[in-house]
Amino acid sequence: MTEQLEIKNLHVNVEGKEILKGLDLSIKKGEVHAIMGPNGSGKSTLAQSLMGHPKYDVTQGEVLFKGQNILDLEPDERARMGLFLAFQYPYEISGVPLSRFLLQAVKARNEESAETASNGKAKKLAFGEFRKLLKEKLEILRMDESFTKRYLNEGFSGGEKKRAEILQMLVLQPEIAILDETDSGLDIDSVKIVAEGVNSMRGENFGCLAITHYQRILNYLKPDYVHVMVAGCIVKSGDYQLARELEEGGYDPILEELGIEREAEEVS
Ligand SMILES: Nc1ncnc2c1ncn2[C@@H]1O[C@H](COP(=O)(O)OP(=O)(O)O)[C@@H](O)[C@H]1O
Ligand SMILES: [Mg+2]
């Protein structure tokens with residue numbers, strides 16, 4: 001299997017302070033990885049840096065996506081290449097219905113794939129085709145079509161915002177999806193539905209980096225690898241069993257074993 005996302009010695013500063021301190025991680029085609037870690041360890045910083053948020057300043061290291069260094073690319077270019085981020089705190093866009101937002105996003109993504117197509121012709125996405133795709137994905141997430149007529153995230157409950165993020169992922173069909181605590185604040189049924197949405201994508205052309213605080217979603221996602229992140233580095237990696245240990249014993253035993261002092265926790 002080939003490497004799909006390779007992060008090498010990544011150092012990232014936020015407002016002059018080093019948050020990621022030499023992080024290495026590599027995801028092969030079709031793999032699902034989970035990252036767990038205490039608050040403030042830099043999980044969202046990693047997610048935002050991978051997507052190219054301008055506030056996150058990469059000072060050292062490399063990120064290769066499908067073999068290409070993406071650090072100089074704009075966030076929209078990364079998205080069109082097939083990288084997707086479900087935000088921990090999704091944005092609200094007033095005046096833009098979710099359905100229109102999704103249509104524009106899918107169109108942009110299709111144009112990119114057409115650039116590399118042999119005939120060079122942009123594949124036009126018929127509206128009927130889009131409706132069909134959207135309907136199919138709404139069913140997976142057990143969402144009503146009326147939901148897509150509402151303005152993006154405006155007045156959405158926490159759970160609805162997270163489902164809207166996963167709906168975006170399902171229609172965009174990224175090759176690597178980064179989910180930043182998509183399970184936080186969801187009731188148990190919603191966690192299951194969100195996980196089913198992710199699982200419906202699983203296959204050779206889909207890799208996933210799921211950031212989470214809880215083992216619960218991992219029961220459904222069954223990740224191939226689990227990583228523990230502390231103070232800007234991955235300090236331990238293992239299989240699914242590692243998530244169970246964390247759920248039972250918390251982070252302290254691992255920190256102790258590795259001789260790491262826990263930094264003052266910040267609420268995030
Ligand atoms: N946009 C930001 N502005 C200022 N500080 C930030 C920002 N993003 C992250 N940080 C700081 O970086 C550290 C790691 O935060 P974060 O990546 O959100 O951790 P996690 O997601 O693991 O809880 C924290 O100390 C946080 O205050
Ligand atoms: Mg976070």
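Atoms within each ligand, like the ligands themselves, are counted from 1 in listed order. Atom set for the values below is all heavy atoms of this structure, side chains included, hydrogens, waters and symmetry mates excluded.
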Worked verdict on S26 versus E3 for side chain to side chain donor-acceptor pair (under 3.5 Å):
CA-CA 7 Å; S26 122; E3 305 289 348; 2.6 Å; yes
So is G42 polar-close to ligand 1, meaning N/O to N/O under 3.5 Å?
yes
Using atom types as modelled and distance alone, determine if a side-chain donor or acceptor of D24 lies under 3.5 Å from a backbone N or O of N9.
yes
Pair E62, N69 - check side chain to side chain donor-acceptor pair (under 3.5 Å), show working.
CA-CA 7 Å; E62 254 188 338; N69 186 356; 4.6 Å; no
Answer yes when E175 and K29 have at least one side-chain N-carboxylate O distance shorter than 4.0 Å, and no when they do not.
no
Which segment of Q48 sits under 4.0 Å of ligand 1 when only heavy atoms are counted:
neither
Who gets closest to atom 4 (C) of ligand 1 by heavy atom: Q88, E15, M36, M229?
E15
For F147 and F156, take the angle between the two ring planes, folded into 0 to 90°, and tell me which bin it lands in: parallel under 30, tilted 30 to 60, perpendicular over 60.
tilted
Go through it in stages, so that I can follow the logic: the residues are N219 and Y240, the test is side chain to side chain donor-acceptor pair (under 3.5 Å), and I'd like the CA-CA distance, side-chain angles, deciding distance and then a yes or no.
CA-CA 9 Å; N219 288 336; Y240 178 59; 2.4 Å; yes
N/O/S atom of T45 under 2.8 Å from the Mg ion (ligand 2), yes or no?
no
Just which atoms of ligand 1 are under 4.0 Å from any heavy atom in N39?
23 (O)
So, N39 and the Mg ion (ligand 2): N/O/S under 2.8 Å, yes or no?
no
In this structure, does ligand 1 have an atom that sits under 4.0 Å from one of the heavy atoms of G40?
yes
Proximal atoms of ligand 1 relative to T45 (non-hydrogen, under 4.0 Å)
9 (C), 14 (C), 15 (O), 16 (P), 17 (O)
